[in-house]
K.L.:
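Take a look at the following structure, please.
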Amino acid sequence: MNIGVTIFPGSNCDRDAMRAVELVGATPVQLWHADPDLKNVDAVIVPGGFSYGDYLRPGAIARFASVMGEVERFANAGGPVLGVCNGFQVLTEAHLLPGALLQNMNLRFVSKRVRVRVEARDTPWTAACESGEELMLPVAHNEGNYFADADTLARLEDESRVVLRYLENPNGSANDIAGVCNEARNVVGIMPHPERVSDDLLGSDEGLKILRSVLVGAGV
Amino acid sequence: MPETLKIRVLVRPKRGILDPQGEAVRGALPALGFDGVKTVHVGRLIEMEVESADEVEAMCERLLANPTVEEYEWEVVR
Amino acid sequence: MPETLKIRVLVRPKRGILDPQGEAVRGALPALGFDGVKTVHVGRLIEMEVESADEVEAMCERLLANPTVEEYEWEVVR
Amino acid sequence: MDELSIKDTYTALGLSDFEYDRILELMERPPNFLELSLFSVMWSEHCGYKNSRPLLSRFPNDGPRVLQGPGENAGVVEVGDGWALAFKVESHNHPSAVEPYEGAATGVGGIVRDILAMGARPVAVLDSLRFGPLDEERNRYLFREVVRGIGGYGNAVGVPTVGGEVEFDRSYSGNPLVNAMCVGLIRTEDLMSAKATGEGNLVVLIGSKTGRDGIHGATFASDELSEESESRRSNVQVGDPFAEKMAIECCLKLLEGNLLVSLQDLGAAGITSSASEMAAKGGVGIEIETDKVPLRESGMEPWEIMISESQERMLAIVEPDDIEKVLALTERYGLVGVVVGRVAGHGELRVIHDGEVVGGVSAGHLADAPTYEREVVRPKYLDEIPKVNLNKLPEPDDFNEVLLKLLGSPNLRSRHSIYEQYDHEVQTNTVVRPGADAAVMRIKGTKRGFAATIDGRGRHCYLDPRGGGAATVAEAYGNLSCVGAEPVAVTDCLNFGSPEKPDGYFQLAECIEGMAEACEVFGTPVVSGNVSLFNETDRGAIFPTPVVGMVGIFEDVSRHATPRFKREGDMAVALGGVGSEGVSLAGSEYLSVVHGEGSGSPPEVNLAVEKKVSDLVRGMVRSGLIDTAHDISGGGEVVAVAEMALAGGVGFEYEEEEVGRMVEGQGRGRADLAFFGEESGGFVIAFPEEKWDDVQEALGVDGIAYDTIGEVGGDRFKVGNFIDLPLSEMKEAYERDLFE
Ligand SMILES: Nc1ncnc2c1ncn2[C@@H]1O[C@H](COP(=O)(O)OP(=O)(O)O)[C@@H](O)[C@H]1O
Ligand SMILES: [Mg+2]
């Protein structure tokens with residue numbers, strides 16, 4: 001299976017994501033922001049970092065990059081897309097996911113490992129997890145405070161589209177939301193970084209379950 | 001050389017959207033001896049020189065503000 | 001209840017000081033399909049409701065702007 | 001210019017009469033304004049090391065693993081398996097005092113570019129910080145903004161900030177210290193040099209546009225400047241981590257393609273220092289066409305362009321055949337990439353503007369600032385420091401309260417509220433995250449890894465400059481040993497007051513002496529460093545604060561230790577403690593926090609024994625015998641053990657007899673001295689009981705003092721009849737936010 005990883009100017013988790021893709025036995029493919037081509041990948045990861053310096057708003061500029069046009073087409077055709085951290089921000093800016101990620105409530109960057117619960121396993125990025133499973137995942141962001149209006153939140157809950165939920169909310173997110181999916185459930189955005197817990201030497205490899213899920217879903 | 005227009009765009013958190021930055025500023029004021037401030041909101045100021053104002057609305061809509069959480073206004077200042 | 005005044009403060013990078021944000025936005029615009037933008041500067045917008053305008057100048061100076069790298073202007077909008 | 005205005009000009013530029021005469025002698029003609037500007041920036045303390053160069057030669061800087069000692073942008077040591085580490089520390093004290101966020105941010109940016117210039121990928125940042133006490137609003141502001149600035153830059157460029165240290169003391173009020181260290185990873189065969197070679201090769205400026213950033217001395221020649229240009233001139237540099245990230249990726253791509261002859265970052269004194277250093281190293285000349293430099297502001301003069309300190313720029317030497325490929329890559333990364341000059345045979349840094357030569361100075365002369373050696377005179381204050389008089393020091397009646405107070409004090413409290421603002425995991429190499437004695441990093445594709453720490457002991461260096469200098473190196477050595485890394489080399493940043501004052505010069509000379517002695521004993525050469533002098537305000541000089549960054553290596557990084565207690569039932573042993581006088585309260589945290597005193601001369605460091613104990617602890621970690629170790633430093637043994645319990649989230653109980661032994665033995669009858677007294681070279685280790693025989697055997701060989709002290713378990717912390725606290729209460733004190 002080929003998994004594309006987008007690279008915007010300022011992305012800084014692209015190499016980490018590609019390595020994690022390798023670790024689950026898939027083939028990582030670089031998707032340069034200026035190339036309007038997904039190189040026939042089977043899934044796309046929009047990795048973390050500070051695309052375009054996070055200037056203006058995180059994700060605001062990246063969503064216009066050439067490659068994003070293709071990512072949108074791919075997503076709308078049902079292809080599995082995962083946005084991690086800055087990638088989540090890009091996907092909300094691109095309206096592939098609802099809501100917005102505001103500045104952390106205490107106005108500070110937060111970098112630590114937090115416990116989250118897998119709330120929905122019927123997405124391509126959580127299929128390898130147990131339902132209700134608790135994972136310890138790193139977060140590292142300045143704008144991770146998930147916001148959506150009351151109606152949207154109610155819909156997300158009703159339709160079980162909250163994918164990950166914080167057990168200790170590090171940023172003020174509404175409903176402790178750490179990740180959501182779109183209506184068709186193929187596009188998922190999460191703030192925690194699964195690629196960072198990809199090796200026992202780093203304390204755990206729990207994050208690989210997220211990436212392995214997309215292989216399980218594809219029957220690989 | 002074509003004349004340029006100076007555009008000023010004000011982007012602010014929509015009403016009812018949490019504005020932790022504004023809250024923090026408001027909270028810091030009394031300690032500095034500033035009383036009588038009822039509300040504070042912090043937003044973004046964008047100033048541009050453009051050749052024509054035709055695209056400004058589209059830029060605001062699509063790039064400069066996030067309609068989910070922000071509202072904007074703009075004017076030609078020169 | 002005392003009347004409140006609405007104050008608008010504009011804070012922007014001082015002239016000559018690097019404005020990486022403005023530069024990055026300007027640099028990205030053509031690729032996004034927005035042409036004809038010569039310069040972009042990004043600053044902060046602060047809107048407050050206050051009981052009196054007497055202290056606004058001091059607030060700008062001490063808290064709302066960082067005078068080493070930013071300049072500000074303010075006005076009463078209502 | 002008439003003579004008077006000449007003197008005014010060079011004085012305003014910071015040159016002395018002596019230095020001006022020297023310039024005349026070297027040039028054999030009067031310099032023009034531009035040339036004078038070049039000398040003034042290159043002969044400044046920052047670039048020229050006028051006051052410290054002779055002293056620095058005292059440091060050992062060679063060793064079996066050293067691939068590059070001082071003289072390049074960073075030192076380099078060999079790791080094995082073809083890998084090497086480039087590392088260096090640098091200060092940004094003054095800019096941070098003026099504008100803390102940007103000062104700290106650009107400090108990180110600058111040190112990252114030094115590492116990049118070696119051809120290495122930056123893989124870790126550490127920071128060493130000093131502020132005045134947090135009860136002053138200004139200090140709180142500086143602290144908050146400096147930490148935000150470091151995070152703001154480091155997080156965005158995608159280099160993890162994995163360690164650091166911070167201390168608060170009155171001597172730093174108004175003069176904070178902000179030192180940043182960066183470590184880079186490189187294949188040994190890819191090492192770059194900043195040596196310009198090959199007449200006719202092109203000089204390429206890569207990165208951001210050039211503005212008037214950091215151009216000093218708006219004071220001079222002010223009659224030539226209009227008011228408006230005056231107000232546009234600024235000392236404040238603003239960082240653009242986004243541009244830096246692009247510069248990192250671009251330069252690494254250029255190096256990967258073998259497209260560069262040499263590479264250099266632009267730091268202090270901008271193009272002037274980079275180009276003249278590259279020329280001097282290669283024994284060639286460099287011509288710069290200032291009108292080719294892309295500018296951010298209009299109307300910049302050639303001299304302004306030459307000395308501008310605009311950030312996020314690199315200078316590369318490129319063969320003409322490769323230039324197209326180079327420029328295509330800079331464009332791909334959205335960076336300025338422009339040919340601004342060429343390598344020439346004449347040995348000068350020659351400045352050309354619109355086709356005309358507007359100045360030229362021998363690169364060798366620019367690099368050869370005059371140096372000043374002064375007499376080393378022992379300052380009087382050292383003889384006036386009161387001794388600690390234990391008889392006058394009441395013993396506390398509530399030791400619970402004392403422990404809580406110590407754990408909650410700004411100098412000992414958990415640093416989590418700092419390092420949680422730093423991305424410390426990006427690049428996925430961080431094996432031991434902040435909170436331990438040293439950061440441990442893996443090297444992907446190998447079993448190897450490295451550890452890094454940064455340490456300073458300002459108060460100790462003030463009370464005893466030579467001993468403090470040695471203790472600083474010893475602390476770093478001990479910290480690396482605790483995690484199990486073999487310490488290999490040092491980078492240092494010498495933060496001092498004015499060397500023109502006898503006290504300041506003495507402190508500088510003596511600290512260097514102590515550090516050098518320690519480096520010799522430990523076999524850890526100094527391979528890079530930085531000097532920051534004149535750290536004084538009207539409130540006086542800072543504590544002399546040499547900061548030591550040390551890296552160590554692992555052959556097998558999976559064999560490492562952390563301070564955290566890991567298992568209920570583990571036994572703990574305290575070992576070492578190497579002073580001839582035993583522990584002491586002189587200059588201790590206990591004395592300062594509980595009794596408000598900073599007096600006495602801290603116990604001397606016995607370097608040879610210190611090395612032996614550290615090596616012993618490391619040996620036990622490497623052999624897999626122990627996975628829990630911590631050095632005893634600020635706060636003494638009981639605080640060290642409390643930290644281990646807090647980190648592990650599990651309680652601890654001292655053995656009854658041990659408490660008695662401690663009080664009678666090292667405490668000479670006083671519990672406070674026994675529990676909170678400090679000395680160098682002490683460690684606490686923990687391990688499952690079944691390993692006790694093996695541990696005892698390991699400890700025995702060296703004949704080092706050790707004692708079993710107690711057992712891990714439960715949720716309370718107990719020290720005989722003296723201390724009995726629930727861990728939760730200690731945690732509350734210890735983890736309180738430093739920014740509240
Ligand atoms: N300014 C800082 N930035 C990042 N990490 C820090 C900072 N200050 C302290 N730390 C981390 O907190 C932990 C404890 O620091 P410290 O007490 O100074 O350690 P030590 O005494 O072992 O040198 C270390 O892991 C250190 O790296
Ligand atoms: Mg330590």
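Protein chains get the first letters and strands the later ones, always in sequence-line order, with residue 1 at the start of each.
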K.L.:
I'd like to know whether NZ of D/K253 has more than 12 heavy-atom contacts from other residues, nucleotides or ligands below 6.0 angstrom.
P.N.:
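For D/K253, atom NZ is not crowded (no more than 12 foreign heavy atoms under 6.0 Å).
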K.L.:
Can you check whether D/E425 reaches A/D16 side chain to side chain, under 4.5 Å on heavy atoms?
P.N.:
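In short, these two side chains do not touch, never coming nearer than 4.5 Å.
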K.L.:
Contact between D/E249 and A/P9 at the side-chain level, heavy atoms closer than 4.5 Å - yes or no?
P.N.:
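Counting from C-beta outward, D/E249 and A/P9 never come under 4.5 Å.
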K.L.:
What closest approach, in Å, do D/V157 and A/N12 show between heavy atoms, and which atom pair accounts for it?
P.N.:
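Residues D/V157 and A/N12, closest heavy atoms: C-ND2, 4.3 Å.
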K.L.:
Could you check if a side-chain atom of D/T430 sits within less than 4.5 angstrom of a side-chain atom of A/L202, using non-hydrogen atoms only?
P.N.:
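No, every pair of side-chain atoms sits at 4.5 Å or beyond.
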K.L.:
What verdict does the side chain to side chain contact (heavy atoms under 4.5 Å, CB included) test give for A/N106 and D/F739, after you've listed the backbone C-alpha separation in whole Å, the side-chain angles of each residue and the deciding distance to 0.1 Å?
P.N.:
CA-CA 11 Å; A/N106 70 357; D/F739 299 91; over 6 Å; no
K.L.:
Please indicate whether A/N40 has more than 12 foreign heavy atoms, meaning atoms of other residues, nucleotides or ligands, lying under 6.0 Å from its CG.
P.N.:
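Incorrect, the count does not exceed 12.
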K.L.:
Any donor and acceptor pair, going by atom type alone, linking the side chain of A/S111 with main-chain N or O of D/Q421 inside 3.5 Å?
P.N.:
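Not a single qualifying donor-acceptor pair exists.
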K.L.:
Quick one: does A/H141's side chain get under 4.5 Å of D/D423's, heavy atoms only?
P.N.:
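A side-chain contact under 4.5 Å is absent here.
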K.L.:
What verdict does the side chain to side chain contact (heavy atoms under 4.5 Å, CB included) test give for D/R433 and A/K112, after you've listed the backbone C-alpha separation in whole Å, the side-chain angles of each residue and the deciding distance to 0.1 Å?
P.N.:
CA-CA 10 Å; D/R433 301 191 297 277; A/K112 61 178 182 186; over 6 Å; no
K.L.:
State whether the number of non-hydrogen atoms from other residues, nucleotides or ligands found under 6.0 Å of D/E331 atom CD is greater than 12.
P.N.:
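Not buried by this count: 12 neighbours or fewer within 6.0 Å.
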K.L.:
Angle class for the A/W32/D/Y333 ring planes (parallel below 30°, perpendicular above 60°, tilted otherwise)?
P.N.:
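Plane angle over 60°, so perpendicular.
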K.L.:
Check whether any side-chain heavy atom of D/V426 lies under 4.5 Å from a side-chain heavy atom of A/H193, and answer yes or no.
P.N.:
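With C-beta onward as the side chain, the pair stays apart.
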K.L.:
Are any side-chain N or O atoms of D/N155 and backbone N or O atoms of A/F109, one a donor and one an acceptor, separated by less than 3.5 Å?
P.N.:
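Absent.
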K.L.:
How about A/R108 and D/R148: do any of their side-chain heavy atoms sit closer than 4.5 Å?
P.N.:
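Side chain of A/R108 against side chain of D/R148, heavy atoms only: no contact under 4.5 Å found.
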K.L.:
Does A/Y52 reach the side chain of D/F242, with side-chain heavy atoms less than 4.5 Å apart?
P.N.:
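They are in side-chain contact.
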K.L.:
Less than 4.5 Å to any heavy atom of chain A: does that hold for the side chain of D/N429, its backbone, both, or neither?
P.N.:
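Contact with chain A is through the backbone of D/N429 alone.
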K.L.:
For D/K566, does the NZ atom have more than 12 heavy-atom neighbours from other residues, nucleotides or ligands under 6.0 Å away?
P.N.:
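Yes, enclosed.
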K.L.:
Please evaluate residues D/T428 and A/D199 with respect to the criterion side chain to side chain contact (heavy atoms under 4.5 Å, CB included), reporting the C-alpha separation (whole Å), side-chain torsions for both, the decisive distance (0.1 Å), and the verdict.
P.N.:
CA-CA 9 Å; D/T428 58; A/D199 196 321; over 6 Å; no
K.L.:
Name the member of A/S51, A/C13, A/P138 that forms the most heavy-atom pairs with chain D at distances under 4.5 Å.
P.N.:
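Heavy-atom pairs under 4.5 Å are most numerous for A/P138.
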K.L.:
Is the shortest side-chain heavy-atom distance between A/R15 and D/R121 below 4.5 Å?
P.N.:
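Yes, side chains in contact.
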